[in-house]
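Counting starts at 1 for both ligands and their atoms, in listed order. Just the heavy atoms: all of them, side chains too, but no hydrogens, waters or symmetry mates, feed the values below.
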Amino acid sequence: MKVNEIMAALELKHPGEKEYLQAVREVLESVEEVYNQHPEFEKAKIVERIVEPDRIFTFRVTWVDDKGEVQTNLGYRVQFNAAIGPYKGGLRFHKAVTPSMLKFLGFEQTFKNALTTLPMGGGKGGSDFDPVGKSNAEIERFCQAFMLELWRNIGPDTDVPAGDVGVGGREIGFLTGMYKKLAREYNTGVLTGKGMTWGGSILRPEATGFGALYFTSQVLATAGKDIKGKTVAISGFGNVAWGAATKATELGAKVIAISGPDGVCQIPGGITKDMIDYMLVMRASNRNKVQDMADKFPGQTTFVAGKKAWSVKCDIALPCAFQNELNEDDAKLLLANGTWCCCEVSNMGCTPEAIHAFQKAGILFAPGKAVNAGGVATSGLEMTQNAAHLAWTGEEVDAKLHWIMSSIHEQCVKYGKKADGTIDYVKGANIAGFMKVATAMLEQGII
Ligand code: 2IT
C-alpha cells in the first residue's frame with residue numbers, strides 16, 4: 001500500500017470528513033512498513049476494506065422538550081468491524097456529532113478493542129443531541145426516543161453499545177429500560193455501563209480513568225520513573241477525568257488542574273476527595289462549567305477563564321475530554337513549561353502536529369487507543385459476567401483490568417521498540433491492533 005494513494009481515494013469518497021480521515025491516516029502511516037511485508041494482505045485488499053465501516057444506520061430522533069416543543073435530532077450507529085467479535089463501542093451525545101466523528105471513533109475502537117485481548121469488534125454511535133442545559137426528564141425522553149429507532153440493530157451477540165461523552169450511567173439506564181420494553185428481551189448484556197443492581201460491573205464507571213493510570217504508571221516505570229509526587233494536569237470533569245483524578249491521587253500524584261469549555265481551575269495544593277466527588281455533581285448538572293469547582297472551593301482553587309489545562313505547569317498532561325483538544329501551540333507551551341509525559345486518555349485527544357512536537361522533543365507520549373482501552377475492556381468483562389449470569393467482586397475486576405493494561409503495554413513494546421531502546425507507543429499500539437484485525441479478516445475470507 002501507499003498511504004498517500006489510499007488517502008487520496010478515501011478523500012474523494014468521503015470529502016470533508018476531517019476527523020475520520022485524520023484517524024485513518026495516523027493508523028496507516030504507522031502500519032505501512034509492516035503491511036507491505038505481507039503480500040497476502042495486499043492481495044486480499046485488507047487495507048481498502050479495513051478503513052470502511054461495515055454499515056452505518058442513520059435515523060431521525062423526535063422528542064418533546066419541557067416547554068412542549070417538538071425537537072428533532074439525528075441518531076447514528078456505525079457498525080465498523082466485526083472480524084474479532086460483536087460490534088462494541090460507546091454512544092456519544094454532543095452537539096458537534098457528525099458521521100465523520102463517529103466513523104473516526106468506530107475506526108479507533110476497532111483497533112483499541114483488538115488490543116484488549118477480548119473478542120470484541122468495533123462500533124460507535126450517538127446523536128447531535130446537546131445534553132447541556134437539559135433537564136433529567138428531557139434526557140429521559142430523548143434516550144427513549146433514540147432507543148425506539150436503535151433497538152432492532154443491537155443485541156448481546158451483535159452490537160453492544162455503552163457510554164461515551166454525554167452518555168453515563170443515567171443515560172444507559174434510560175436506554176436499557178426502553179430496549180427491554182421494545183425488544184421483550186431481558187438479557188442484561190445488550191448495553192454496558194449498567195447500574196450495579198441490574199447487571200453492571202463493579203468498577204466500570206472508574207475503569208477508563210483507572211486503566212489509564214495503570215498504563216501511565218507502566219510507561220513511567222519503563223522509562224525508569226515513578227508517578228509518586230508528580231504534578232498532573234487533566235482536561236474535563238466527566239466520567240473519564242473523574243476516574244483519572246481518583247487513581248492519580250491514590251497513586252501519590254498531585255492533580256493541580258482540571259479544565260472545562262469555560263476555562264481552567266487551578267488547584268495548587270492538589271485535588272482533594274471532596275473535589276473529586278464534586279466532579280460527579282458537575283457532570284450530572286449538565287451545566288458544563290468548570291468554574292463551578294472554583295466557586296465551590298474558594299481559597300483552594302483559582303479559576304482562569306478561557307485557558308486550557310495545558311497552560312498550567314505540570315509534569316504529566318492527561319487529556320481526558322475530546323478529540324483534538326491539545327494542539328501544537330498547547331504542546332509547545334507544555335514543553336516550554338517542562339512537561340515530560342503526555343498520555344492521551346480521550347480518543348485522538350492530540351492533533352497530529354502536537355504528537356509530532358512531543359515526539360520531536362523526545363518526551364513520553366502514548367495514544368488514546370492504548371491508554372483508554374481499560375474502559376471498553378471492563379465493558380467486555382461486564383459482557384462476560386452478564387453472559388455467565390453472575391457478578392465478580394471489585395478485586396476480581398481490578399485484577400483483570402490490571403492484567404489487560406499490562407498486556408496492552410507489552411504489545412506496544414513488542415511492536416514499538418526503537419533501536420535506541422525507547423518505545424514509540426503510537427506505532428506499537430497501531431501495529432499491534434491492526435495486525436490482529438487484519439489477520440482475522442484474512443482468515444475469514446472475502447466477505
Ligand atoms: O471510547 C471508548 O472506548 C468508550 N467510550 C467505551 C466503549 C465501551 O463499549 O465501553
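For atom 5 (N) of ligand 1, the closest non-hydrogen atom of the protein is D164 OD1, 2.9 Å. The nearest heavy-atom contact from the protein to atom 6 (C) of ligand 1 is R204 NH2, 3.5 Å. Ranking protein heavy atoms by distance to atom 10 (O) of ligand 1, first place goes to S379 OG, 2.5 Å. The nearest heavy-atom contact from the protein to atom 9 (O) of ligand 1 is K88 NZ, 2.7 Å.
In this structure the side chain of L213 reaches within 4.5 angstrom of the side chain of L318, judged on heavy atoms.
The residue E382 has no part lying near ligand 1, judged by heavy-atom distances below 4.0 Å. Within the 4.0 Å heavy-atom criterion, the part of N347 lying near ligand 1 is the side chain and not the backbone. When heavy-atom distances to ligand 1 are checked against a 4.0 Å cut-off, K124 comes that close only through its side chain, counted from C-beta outward.
Counted within 6.0 Å of CD on Q444, heavy atoms from surrounding residues, nucleotides or ligands total more than 12; the atom is thus considered enclosed.
Annotation: side chain to side chain donor-acceptor pair (under 3.5 Å) contacts of R152 (sequence neighbours excluded): none.
Considering both main-chain and side-chain atoms, K112 comes within under 3.5 Å of ligand 1 through a nitrogen or oxygen pair. Looking at A162 next to ligand 1, no N or O pair under 3.5 Å apart turns up.
For K400 and E382, the salt-bridge test fails: no basic side-chain N is under 4.0 Å from an acidic carboxylate O.
Judged by the 6.0 Å distance and 45° axis criteria, K134 is positioned over the aromatic ring of F129.
Not a single heavy atom of P161 sits less than 4.0 Å from an atom of ligand 1.
Under the 30°/60° scheme for interplanar angles, the aromatic rings of F41 and F434 are found to stand perpendicular.
Remark: aromatic rings of Y214 and H409 are distant, center separation not under 6.0 Å.
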